[in-house]
Every structure is written in structure tokens, then in C-alpha cells.
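Since the structure comes first, as C-alpha cells, the remarks are kept for the end.
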Number of protein chains: 2
Amino acid sequence: MSVTHTDVPMTLKVTDDCPVRDVLDRVGDKWSVLIVVLLGRRTHRFGELHRAIEGISQRMLTLTLRALVRDGLVTRTAHATVPPRVDYELTEMGRTLLVPLSALDEWANAHRDDIRAARERHDRGTTA
Amino acid sequence: MSVTHTDVPMTLKVTDDCPVRDVLDRVGDKWSVLIVVLLGRRTHRFGELHRAIEGISQRMLTLTLRALVRDGLVTRTAHATVPPRVDYELTEMGRTLLVPLSALDEWANAHRDDIRAARERHDRGTTA
DNA sequence: CGGGATCCTAAGCGATACTG
DNA sequence: CAGTATCGCTTAGGATCCCG
């Protein structure tokens, strides 16, 4: 595959208030993507996410979910049962985010080895 | 526009070593995307990037470029002239990254207002 | 069960000064 | 011009304990 300058949309703004950076500021943190992807599969309870993600602290799960809810990407539904039960679900907008994320995922899968190789090549070159 | 679960590729891995997170770890920092996009337009000298980006410190420009070079996304060409001149250019792999980044950019442009609206709605709801 | 509140550390990043 | 080196701040985020 080859990508030339003209293949790439030149609509990307950069200097002043760059939209791409906006998304990354929102979703570029350590856990948001993971949560969005999991919720893309199905609705999850708090504890389910907590167990599914492996490594996330309760605190960060709460904070990240709260931010996602705030931005309208996720809905929070608290059931007044005992013990309490809270369901998190992607909104319509949240689901549309899965599309560009998949593109990124595809790229990652395609080039993961190349990056690793480049990295090792580089590290050998500088250490030697 | 509507996105259902079945519209979205379920190939996204999550729990153990998620490729999407790899990319975001690499390019989710404050400046990488900006640099990649700028280099997507044309080769830039160090100082050109420094002026073009507005707000980046010399230190972070150096560090970010070095990381991009290490991962094989950018090439560094130092000309042995005086004063010195160093050119940075996207590699072939670096250019392919512009494609998923554009997808993300498109999404950002499409939903930027929605997010802002959701955020304000939410903030009013919690403050009130 | 689903959080909140608090404390603490490590990383990210900017500012500044110096160099080949 | 294109960096390097050092410092210091600010933030992200983990750990722990508490609570309805």
C-alpha cells in the first residue's frame, strides 16, 4: 500500500484549535478507548467494567466514565435496587466514535510489527 | 446517521495488549499528531515546526520528534552545513497513519458541537 | 455494589540557560 | 540553527479507607 500527499485530505487543521487534538484530549487518556470499545459490544455494569479492564483502579473507572457521560458519549442508568446496580451504555454518538477508532485499530494491527522492528533497529543503532 | 452494533467491526481486542491503546500511547500525547499532520503536508525543518506549532517548547519538539523517528514514522536528515539544517519527513508508514487520523478528524468535526452541547447540558444539570 | 475523599508518586511538560 | 541539560511545576493516576 502506498499513500501519497494527494491521497490524504488536506482538511486537517493544525495550528489554532485542532479538532483531532480535541478528540485525543478527550479519548487519548489511558482508559477511555478501552471503555468505549467494551461498551460498544454491550451494556456493562460498573463492576463488569472493573473486572473486564484489568489494571484500572476504581477511581479512574469512575472518573473516566463520568467524563464520558459528561460529553454525551455514554449514558449512566442507576437502578434503585439493593444492592445498587448501575448500567453504562454507549449513546448514539458514542457508537459513531467506534468507527474512527476501528480505523485506528486496523492501522495499529497492520503496523504494530513494523513499529516494533523500527524501534529495535533504532535502539541497536544508538546503543552501538 | 445511525450506527448499530453490527455496523462496527468486532475485531477490536481489549483486555490483553490492545493495539488501539498502543497507537494512542504513541500518538496520544500532546504534540505527535500535530507534527505528523504538518509533516503530512511537506518536509519541515526543525525551526519551521517550532514556529508552525505555536506553544510547543523546544524540548518537547525534540523529544516528540525523536520518538517518532524511533518508531519509524519520521525520518531525520541532518545536513552538515553551517548553520546546520535538519529536515524531518514522514516515512511511508508515517503517511499511512494520516488515513486513520483523518477519520478521527472527520469525527471530531462532525461531533464537536454535540459534545460541547452535551457538556453544557450536563454542567447545568449538576450545578443546578 | 458503586462509588467518594484523601494521600502520594511518577510522569509530562514548560522555562531557562548553555553548546557545537 | 538545532539541539542538550537542569529545574520545577502540574497533572494523571494508583492505593487505601470510608459510606449509603
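Below, chain A is the first sequence line, B the second, and so on; all start at residue 1.
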Under a 4.0 Å heavy-atom cut-off, which of residues 68-77 of chain B touch DNA chain C?
none

Spacing of Y88(A) atom OH relative to dC1(C) atom P, expressed in whole Å:
15 Å

Considering only residues two or more places apart or on different chains, which pairs with a residue in residues 77-108 of chain B satisfy ring-ring contact (aromatic ring centres under 6.0 Å, His included)?
W107(B)-H111(B)

I need the CZ-P distance between R51(A) and dG3(C), as an integer number of Å.
13 Å

Under 4.0 Å from OP1 or OP2 of dC1(D): is there any side-chain N or O of R45(B) that close?
no

Which residues satisfy the salt bridge (Lys or Arg N to Asp or Glu O under 4.0 Å) test with E48(B), sequence neighbours excluded?
R42(B)

Pair up each side-chain donor or acceptor in residues 33-40 of chain B with any protein partner under 3.5 Å, not counting sequence neighbours, and list the distances.
none

T91(B): which residues meet the side-chain contact (heavy atoms from CB on, under 4.5 Å) condition with it, sequence neighbours left out?
T75(B), M93(B)

Pairing residues for A118(A) by the side-chain contact (heavy atoms from CB on, under 4.5 Å) criterion, not counting sequence neighbours:
R121(A)

Per-nucleotide protein contact string for nucleotides 10-20 of chain C (B base, S sugar-phosphate only, - none; heavy atom under 4.0 Å):
---BBB-B--B

Kindly write out the residues that satisfy salt bridge (Lys or Arg N to Asp or Glu O under 4.0 Å) with R45(A), not counting sequence neighbours, or none if the list is empty.
none

Using whole Å, report how far CG of L61(A) lies from P of dT16(D).
18 Å

Quickly work out the F46(A) CZ to dG2(C) P distance and round it to whole Å.
7 Å

Can you give me every donor-acceptor pair (side chain of residues 62-69 of chain B, partner residue at least two apart or in another chain, under 3.5 Å) with its distance?
residue : atom : partner : partner atom : Å
T62(B)  : OG1  : Q58(B)  : O            : 2.9
T64(B)  : OG1  : M60(B)  : O            : 2.6

Residue pair D22(A) / R26(A), side-chain heavy-atom distance below 4.5 Å
no

Without decimals, in angstroms, what is the distance between L65(A) CG and dG4(C) P?
10 Å

R66(B) atom CZ is separated from dT4(D) atom C1', nearest whole Å, by 8 Å

Could you check how far CG of L49(A) sits from C1' of dC1(C), rounded to whole Å?
13 Å

Does A78(A) have any side-chain contact (heavy atoms from CB on, under 4.5 Å) partners at least two apart in sequence or in another chain, and if so, which?
R76(A), V86(A)

For W31(A), ring pair (Phe, Tyr, Trp, His ring centres under 6.0 Å) partners two or more places apart
none

Whole Å only: how far is the CG atom of D87(B) from the P atom of dC1(D)?
14 Å

Quick one, L104(B) and V27(A) - any side-chain contact, counting heavy atoms below 4.5 Å?
no

For the helix from dC1(C)-dG20(D) to dG20(C)-dC1(D), figure out the bend between the end axes, five pairs an end, and round to 10 degrees.
40°

